[in-house]
Amino acid sequence: MEFQTICIVILVITGFAAAQDNFTFPDGFLLGAATASYQIEGGWDADGKGVNIWDTLTHERSYLVVDRSNGDVADDSYNLYLEDVKLLKNMGAQLYRFSISWARILPEGHDYNVNEAGIDYYNKLINALLDNGIEPMVTMYHWDLPQKLQDLGGWPNRELAIYAENYARILFKNFGDRVKLWITFNEPLTFMDAYASDTGMAPSINTPGIGDYLTAHTVLIAHANIYHMYEREFKQQQQGKIGIALNIGWCEPISSADVDACDRYQQFLLGIYAHPIFTEVGDYPSVVKERVDANSKAEGFTTSRLPKFTSEEVNYIKGTYDFLGMNYYTSELGEDGVEGGIPSKGRDMGTILSKDPNWPESASSWLRVVPWGFRKELNWIANAYGNPPIYVTENGFSDYGGLNDTNRVLYYTEHLKEMLKAIHIDGVNVLGYTAWSLLDNFEWLRGYTERFGIHEVNFNDPSRPRTPKESAKVLTEIFNTRKIPDRFLD
Ligand SMILES: *[C@@H]1O[C@H](CO)[C@@H](O)[C@H](O)[C@H]1NC(C)=O
Ligand SMILES: *[C@@H]1O[C@H](CO)[C@@H](O)[C@H](O)[C@H]1NC(C)=O
């Protein structure tokens, strides 16, 4: 080869290697997959488990679930958890995010009666993960409230902040020697809305603009209670980390007149939880307080529908985090305007949301594919909250099933590329990523009609066989090479 040719070859090779750096995972970055107890476990009344609000909803109001199905058996992970660990191991996963069923541990919700069979189950799961070199990341609450606590009013009842702390103490006592990554709550934004409509998720109670804010208030106090209790009673010995998993998308203003509308989207949907915990000033965002207070007054309420924190409570909640869990699926177009009933959180926010028809669809009406929104939202969070450590605790795509899930493969590779740009180019502090979801599972009110799994589960077969989809194979390659394969780089 001539010298010039050699130089060009070297330039091309080093140039390519350099470009690839942007699409390589940093050392120490943890990759894995996620699930939730009600969606996969089954064993709904096995070995002393108590009834939870999803058992109640699916059994007593099955018409709310599109295919009238339930999680009685689901993926049968209560019996097949070793299969799940094997799938993770086969993928080269380093992290498994799963949730604990409160009523499996405390059948009545309260800590006077601990179900040892429930403790055994999670001990076996955690030990199997650790034996296979997989770090457990445990969500304490992924929407399956013990029915007995719902009978007391559920999350709008502030006493649940104490009951949740008591439940968390049982978890730290039994599992905290081995579990070092804890998430108090998954998507409070989603389960607050379970108190805003009687066609929504469990408990499906229609108190919009009131029960939803009361839920947020209790959850924030509960989160802080758990964080402080861990610091007092366990942290020195166990050295774990505690965060909360918040779901949010990017809001793209339709025009320059809609920038404020999209700021309100961030504050009403993310800031309502993140601002009290992750900012220096704490408390709800001022735009949220001002608008709910003003609307409440205009609607004839003599007190605001948004509860107030005392200054002691503001300080108590502030800084109660070791990391932020982020669930990202999709983005929105945002426009200034009023919609939603009186009263409602939507009306308080004053942002009309829509989807760009050019954004690719999934099986879920709410989920269109917007990978660039992921990078923008990661940057929004980093800027608003002082670049906290972030774990992406959920990210995934729904279809109607099938092993050759080309669109899911594209979803993952495009989103991982945007996340890596946020890390390498923008300096966002992301430490790990768990794909949603390890398995096809019970997708709440969509039953088994919308599939998010990277492994197919045959729900017609009593042995619930699991089969890797194309997406699991591509993620396996990514987990093992720790970079996006060249064929997905343009
Ligand atoms: C990463 O991407 C940025 C922006 O596209 C580019 O300027 C930079 O050169 C890339 N880094 C490497 C090491 O290739
Ligand atoms: C999967 O589907 C894509 C197009 O949807 C097709 O190009 C590809 O050949 C299929 N792969 C397999 C293994 O069937």
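Here the structure is a predicted model, which means the values were calculated and not measured. Values reported hereafter were calculated over all heavy atoms of this structure, with side chains retained and with hydrogens, waters and symmetry mates removed.
Side-chain N/O atoms of Thr139 and Asn186 include no donor and acceptor closer than 3.5 Å. Judged by distance alone, the side chains of Gln147 and Asp55 never bring a donor and an acceptor atom under 3.5 Å apart. Neither side chain, Glu456 nor Thr467, offers a donor N or O lying under 3.5 Å from an acceptor on the other. Checking Asn206 against Ser197 by side-chain atom types alone, no donor-acceptor pair falls below 3.5 Å. With 3.5 Å as the limit, one finds a donor-acceptor pair spanning the side chains of Gln266 and Glu377. For the residue pair Glu394/Tyr329, the side-chain donor-acceptor check at 3.5 Å is satisfied. Residues Thr434 and Thr393 bring no donor and acceptor atom of their side chains to less than 3.5 Å of each other. There is a side-chain donor-acceptor pair under 3.5 Å between Ser99 and Ser37. Between the side chains of Tyr411 and Asn395, at least one donor-acceptor pair of N or O atoms lies under 3.5 Å. Under 3.5 Å, the side chains of Asn157 and Thr218 contain no donor-acceptor pair of N or O atoms. With 3.5 Å as the limit, one finds a donor-acceptor pair spanning the side chains of Tyr38 and Thr58. Between the side chains of Thr476 and Asn480, not a single donor N or O lies within less than 3.5 Å of an accepting N or O.
Residue pairs meeting the salt bridge (charged side-chain N to carboxylate O under 4.0 Å, His left out) criterion with at least one partner in residues 428-438, sequence neighbours excluded, are absent. The salt bridge (charged side-chain N to carboxylate O under 4.0 Å, His left out) pairs that include a residue from residues 466-481 are Asp84-Arg466, Asp440-Lys469, Glu477-Arg487, where partners are two or more places apart or lie in different chains. Within the structure, every pair that satisfies the salt bridge (charged side-chain N to carboxylate O under 4.0 Å, His left out) test and touches residues 191-217, not counting sequence neighbours, is listed here: Asp193-Lys345.
Judged purely by atom type and a 3.5 angstrom limit, Asp322 has no side-chain atom pairing as donor or acceptor with the backbone of Lys241. Judged by distance alone, with hydrogens and angles left aside, the side-chain atoms of Arg305 form a donor-acceptor pair with the main-chain N or O of Gly209 at under 3.5 Å. Looking at Arg169, its side chain never comes within 3.5 Å of a backbone N or O of Tyr230 through a donor-acceptor pair. The backbone N or O of His223 sits nowhere less than 3.5 Å from a side-chain atom of Thr184 that would complete a donor-acceptor pair. Judged by distance alone, with hydrogens and angles left aside, the side-chain atoms of Tyr448 form a donor-acceptor pair with the main-chain N or O of Asn70 at under 3.5 Å. Judged purely by atom type and a 3.5 angstrom limit, Lys483 has no side-chain atom pairing as donor or acceptor with the backbone of Phe479. When atom types are taken as modelled, the side chain of Thr330 and the backbone of Val369 share no donor-acceptor pair closer than 3.5 angstrom. Asp75 contributes no side-chain N or O that, together with a main-chain N or O of Ser77, makes up a donor-acceptor pair within less than 3.5 Å. No donor-acceptor distance shorter than 3.5 angstrom exists from the side chain of Ser62 to the backbone of Arg68, with no hydrogens or angles considered. With hydrogens and angles disregarded, no donor-acceptor distance shorter than 3.5 Å links the side chain of Arg451 to the backbone of Ala363.
Note: Phe172 and Phe234 have tilted aromatic rings, judged against thresholds of 30 and 60 degrees for the angle between ring planes. A perpendicular orientation is assigned to the rings of Phe191 and Tyr141, their planes being inclined by more than 60° (bins at 30° and 60°).
The distance between the ring centers of Trp155 and His217 does not fall below 6.0 angstrom. Phe98 and Tyr81 have their aromatic ring centers separated by at least 6.0 angstrom. For Tyr385 and His275, the ring centers are positioned 6.0 Å apart or more. Between Tyr78 and Tyr121, the distance from one ring center to the other falls under 6.0 angstrom.
Listed by chain and residue number, Asp76, Arg464 satisfy the side chain to side chain contact (heavy atoms under 4.5 Å, CB included) test with Val73 (two or more places apart in sequence, or in another chain). For Arg158, the salt bridge (Lys or Arg N to Asp or Glu O under 4.0 Å) partners two or more places apart in sequence, or in a different chain, are Glu313.
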Scan the side chains in residues 109-117 for donor-acceptor partners under 3.5 Å anywhere in the protein, sequence neighbours excluded, and list what turns up.
residue: Asn113; atom: ND2; partner: Glu108; partner atom: OE1; Å: 2.9
residue: Asn115; atom: ND2; partner: Asp47; partner atom: O; Å: 3.1
residue: Asn115; atom: ND2; partner: Arg104; partner atom: O; Å: 2.9

Test Asn52 against Thr56 for side-chain hydrogen bond (donor to acceptor under 3.5 Å, both in side chains), laying out the working first.
-> CA-CA 6 Å; Asn52 66 46; Thr56 304; over 6 Å; no
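Residue Gln239 places its CD atom among more than 12 non-hydrogen atoms of other residues, nucleotides or ligands, all under 6.0 Å distant. Applying the 6.0 Å contact sphere to NZ of Lys86 captures no more than 12 heavy atoms from other residues, nucleotides or ligands.
A ring-ring contact (aromatic ring centres under 6.0 Å, His included) with Tyr284 holds for exactly one of Phe268, Tyr213, Phe309; it is Phe309. For the ring-ring contact (aromatic ring centres under 6.0 Å, His included) test with Trp143, the passing option among Trp54, Trp102, Trp444 is Trp444; the others fail.
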